[in-house]
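Worksheet: one structure, shown below.
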Amino acid sequence: MSNYELWNSDELYKDISRYLMGENVDFLKHEPNLSNLTKFEQAVLNEVRKVPYGTTVTYSELADRIGSSGGARAVGRTLSKNPYPIVIPCHRVVAKTDIGGYSGGLGLKKKLLDIEQ
DNA sequence: GCGATATGAGTGC
DNA sequence: GCACTCATATCGC
(Lines give C-alpha, C1' and ligand atoms only; values in the text may rest on other atoms or scores of the structure.)
Protein backbone atom coordinates (compact mmCIF):
# COMPACT_ATOMS: atom_id res chain seq x y z
CA MET A 1 0.00 0.00 0.00
CA SER A 2 1.90 3.00 -1.19
CA ASN A 3 -1.01 5.28 -0.40
CA TYR A 4 0.53 5.79 3.01
CA GLU A 5 1.94 9.16 1.98
CA LEU A 6 -1.32 10.32 0.50
CA TRP A 7 -3.23 9.31 3.58
CA ASN A 8 -0.94 11.24 5.89
CA SER A 9 -0.55 14.28 3.70
CA ASP A 10 -2.18 17.49 4.78
CA GLU A 11 -4.29 17.18 1.68
CA LEU A 12 -6.64 15.00 3.65
CA TYR A 13 -6.80 17.60 6.40
CA LYS A 14 -7.58 20.33 3.88
CA ASP A 15 -10.22 18.23 2.16
CA ILE A 16 -11.99 17.55 5.43
CA SER A 17 -11.92 21.24 6.28
CA ARG A 18 -13.34 22.21 2.90
CA TYR A 19 -15.94 19.48 3.19
CA LEU A 20 -17.15 20.88 6.50
CA MET A 21 -17.33 24.31 4.87
CA GLY A 22 -19.90 22.91 2.50
CA GLU A 23 -17.74 22.15 -0.54
CA ASN A 24 -18.29 19.13 -2.72
CA VAL A 25 -15.16 17.17 -1.88
CA ASP A 26 -14.35 13.82 -3.42
CA PHE A 27 -12.76 11.56 -0.81
CA LEU A 28 -12.17 8.72 -3.24
CA LYS A 29 -8.56 9.80 -3.74
CA HIS A 30 -7.90 9.08 -0.08
CA GLU A 31 -7.57 5.36 0.38
CA PRO A 32 -7.90 4.08 3.95
CA ASN A 33 -6.11 0.89 4.87
CA LEU A 34 -8.70 -1.83 5.31
CA SER A 35 -6.40 -4.82 5.30
CA ASN A 36 -7.16 -5.77 8.90
CA LEU A 37 -10.89 -5.94 8.25
CA THR A 38 -13.00 -8.84 7.03
CA LYS A 39 -14.00 -9.26 3.42
CA PHE A 40 -17.54 -8.21 4.22
CA GLU A 41 -16.48 -5.07 6.05
CA GLN A 42 -14.17 -4.06 3.21
CA ALA A 43 -17.00 -4.54 0.75
CA VAL A 44 -19.37 -2.42 2.81
CA LEU A 45 -16.91 0.42 3.38
CA ASN A 46 -15.76 0.47 -0.23
CA GLU A 47 -19.34 0.65 -1.40
CA VAL A 48 -20.21 3.48 0.97
CA ARG A 49 -17.20 5.39 -0.28
CA LYS A 50 -18.71 5.37 -3.78
CA VAL A 51 -21.94 7.00 -2.67
CA PRO A 52 -22.04 10.37 -4.45
CA TYR A 53 -22.08 13.67 -2.59
CA GLY A 54 -25.55 14.81 -1.60
CA THR A 55 -27.24 11.43 -2.02
CA THR A 56 -28.20 8.73 0.42
CA VAL A 57 -28.68 4.98 0.30
CA THR A 58 -30.47 2.61 2.63
CA TYR A 59 -28.81 -0.17 4.59
CA SER A 60 -30.75 -2.79 2.65
CA GLU A 61 -29.77 -1.34 -0.71
CA LEU A 62 -26.15 -1.36 0.37
CA ALA A 63 -26.47 -4.98 1.41
CA ASP A 64 -27.89 -5.76 -2.01
CA ARG A 65 -25.00 -4.06 -3.81
CA ILE A 66 -22.36 -6.12 -2.06
CA GLY A 67 -24.22 -9.33 -2.78
CA SER A 68 -25.58 -9.88 0.70
CA SER A 69 -29.26 -9.31 0.15
CA GLY A 70 -31.13 -9.18 3.42
CA GLY A 71 -28.03 -8.33 5.39
CA ALA A 72 -29.09 -4.78 6.13
CA ARG A 73 -28.55 -5.28 9.81
CA ALA A 74 -25.07 -6.62 9.26
CA VAL A 75 -24.27 -3.53 7.20
CA GLY A 76 -25.40 -1.26 10.00
CA ARG A 77 -23.34 -3.21 12.47
CA THR A 78 -20.29 -2.81 10.29
CA LEU A 79 -20.82 0.92 9.82
CA SER A 80 -21.14 1.43 13.55
CA LYS A 81 -17.49 0.42 13.76
CA ASN A 82 -16.49 2.71 10.94
CA PRO A 83 -12.69 3.16 11.29
CA TYR A 84 -12.57 6.29 9.11
CA PRO A 85 -15.45 8.74 9.65
CA ILE A 86 -15.94 11.48 7.03
CA VAL A 87 -13.56 9.80 4.60
CA ILE A 88 -16.01 6.95 4.54
CA PRO A 89 -19.26 8.94 4.46
CA CYS A 90 -21.30 6.63 6.64
CA HIS A 91 -23.74 9.46 7.31
CA ARG A 92 -25.08 9.02 3.77
CA VAL A 93 -26.41 5.62 4.77
CA VAL A 94 -29.88 5.84 6.26
CA ALA A 95 -32.57 3.39 7.25
CA LYS A 96 -35.53 2.87 4.96
CA THR A 97 -38.19 4.44 7.17
CA ASP A 98 -35.97 6.25 9.66
CA ILE A 99 -32.74 8.21 9.36
CA GLY A 100 -30.72 5.40 10.87
CA GLY A 101 -27.94 5.84 13.38
CA TYR A 102 -24.55 7.46 13.69
CA SER A 103 -21.58 6.83 15.94
CA GLY A 104 -20.86 10.52 16.24
CA GLY A 105 -24.41 11.29 17.30
CA LEU A 106 -27.56 11.64 15.25
CA GLY A 107 -27.42 15.40 15.54
CA LEU A 108 -24.12 15.46 13.69
CA LYS A 109 -25.44 13.08 11.07
CA LYS A 110 -28.39 15.35 10.34
CA LYS A 111 -26.05 18.32 10.23
CA LEU A 112 -23.76 16.68 7.71
CA LEU A 113 -26.66 15.63 5.52
CA ASP A 114 -28.04 19.14 5.74
CA ILE A 115 -24.70 20.57 4.62
CA GLU A 116 -24.69 18.36 1.55
CA GLN A 117 -28.14 19.37 0.42
C1' DG B 1 -48.21 3.78 14.34
C1' DC B 2 -46.34 0.05 17.31
C1' DG B 3 -44.65 -4.47 18.78
C1' DA B 4 -42.98 -8.94 17.62
C1' DT B 5 -40.23 -11.57 14.60
C1' DA B 6 -36.93 -12.77 10.91
C1' DT B 7 -32.24 -12.23 9.64
C1' DG B 8 -26.70 -11.54 8.49
C1' DA B 9 -22.31 -10.99 10.32
C1' DG B 10 -19.08 -10.20 14.34
C1' DT B 11 -17.45 -11.22 18.96
C1' DG B 12 -16.51 -13.71 23.27
C1' DC B 13 -16.70 -17.76 25.52
C1' DG C 1 -19.51 -24.33 17.79
C1' DC C 2 -22.89 -21.66 20.48
C1' DA C 3 -25.09 -17.75 22.35
C1' DC C 4 -25.22 -13.47 22.49
C1' DT C 5 -25.33 -8.26 20.14
C1' DC C 6 -26.97 -4.77 16.68
C1' DA C 7 -26.81 2.22 13.22
C1' DT C 8 -32.49 -3.01 9.99
C1' DA C 9 -36.77 -4.65 7.54
C1' DT C 10 -41.25 -6.24 7.45
C1' DC C 11 -45.51 -8.17 8.77
C1' DG C 12 -49.77 -8.23 11.76
C1' DC C 13 -52.62 -5.78 14.46
Side-chain angles (χ1 to χ4, degrees):
Chain A
M1 300 296 175
S2 58
N3 47 39
Y4 183 81
E5 291 182 14
L6 177 59
W7 181 256
N8 286 307
S9 70
D10 64 339
E11 191 175 356
L12 174 61
Y13 178 83
K14 290 178 183 172
D15 278 347
I16 292 179
S17 300
R18 294 210 314 261
Y19 171 76
L20 293 177
M21 301 273 212
E23 282 189 44
N24 185 339
V25 178
D26 178 28
F27 285 106
L28 281 178
K29 53 182 175 180
H30 301 289
E31 297 185 20
N33 182 19
L34 305 174
S35 55
N36 59 331
L37 301 178
T38 68
K39 217 47 182 296
F40 180 80
E41 291 169 329
Q42 292 182 22
V44 171
L45 297 178
N46 275 319
E47 202 62 39
V48 174
R49 249 156 49 82
K50 295 176 192 166
V51 177
Y53 185 95
T55 69
T56 59
V57 287
T58 63
Y59 294 99
S60 58
E61 185 181 340
L62 218 75
D64 273 344
R65 289 192 194 177
I66 64 177
S68 177
S69 182
R73 208 169 182 183
V75 171
R77 227 186 83 78
T78 297
L79 288 182
S80 72
K81 299 185 297 186
N82 183 7
Y84 304 101
I86 308 296
V87 182
I88 298 173
C90 49
H91 57 272
R92 290 178 195 154
V93 187
V94 298
K96 199 172 186 181
T97 58
D98 208 336
I99 188 180
Y102 195 63
S103 4
L106 279 180
L108 178 59
K109 180 172 187 174
K110 291 177 185 173
K111 196 82 177 178
L112 291 175
L113 289 175
D114 192 57
I115 287 176
E116 295 191 8
Q117 302 308 317

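Excluded from the calculations below are hydrogen atoms, water molecules and symmetry mates; all remaining heavy atoms, backbone and side chain alike, are included. First the proteins, then the strands, lettered A, B, ... as listed; each starts at 1.
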Could you tell me which nucleotide pairs with dA7(C) by Watson-Crick or G-U wobble geometry, both distances under 3.5 Å, or answer none if nothing does? none
Need one value for Ser80(A): base, sugar-phosphate or nothing, where a base atom within 4.0 Å counts as base even if backbone is also close, heavy atoms only. base
Ignoring backbone atoms, establish whether Lys81(A) has a side-chain N or O less than 4.0 Å from OP1 or OP2 of dT11(B). yes
Is Thr38(A) close enough to dA9(B) that one of its side-chain N or O atoms is under 4.0 Å from OP1 or OP2 there? no
Between atom CG in Leu108(A) and atom P in dA7(C), what is the gap in whole Å? 16 Å
So if I take every side-chain heavy atom of Ala72(A) and compare against dA7(C), dG10(B), dT8(C), which nucleotide ends up nearest? dT8(C)
What orientation do Phe27(A) and Tyr19(A) show, parallel under 30°, tilted 30 to 60°, or perpendicular over 60°? perpendicular
Once hydrogens and angles are ignored, does a donor-acceptor distance under 3.5 Å link the base of dA9(C) to the side chain of Ser60(A)? no
OP1 or OP2 of dT8(C) sitting under 4.0 Å from any side-chain N/O of Thr58(A)? no
Select base, sugar-phosphate, or nothing to describe what Gly70(A) touches, counting heavy atoms under 4.0 Å on all strands. sugar-phosphate
Quick one: the side chain of Tyr59(A) and the base of dA7(C), do they pair up donor-acceptor inside 3.5 Å? yes
So that I can tick it off, tell me whether Asp10(A) and Lys14(A) are bridged by a salt bridge, with the cut-off set at under 4.0 angstrom between side-chain N and carboxylate O. yes
Length of the line joining Asn82(A):CG and dC6(C):P, which is rounded to integer Å: 18 Å
Check whether any side-chain N or O of Lys96(A) sits under 4.0 Å from OP1 or OP2 of dT10(C), and answer yes or no. yes
What is the distance, rounded to the nearest whole Å, between atom CD of Glu47(A) and atom P of dA9(B)? 15 Å
Once you apply a heavy-atom cut-off of 4.0 Å, does Gly71(A) come out as touching a base, just sugar-phosphate, or nothing? sugar-phosphate
Report the nucleotide, chosen from dC6(C), dA9(C), dA7(C), that has the shortest atom-to-atom distance to any side-chain atom of Arg73(A). dC6(C)
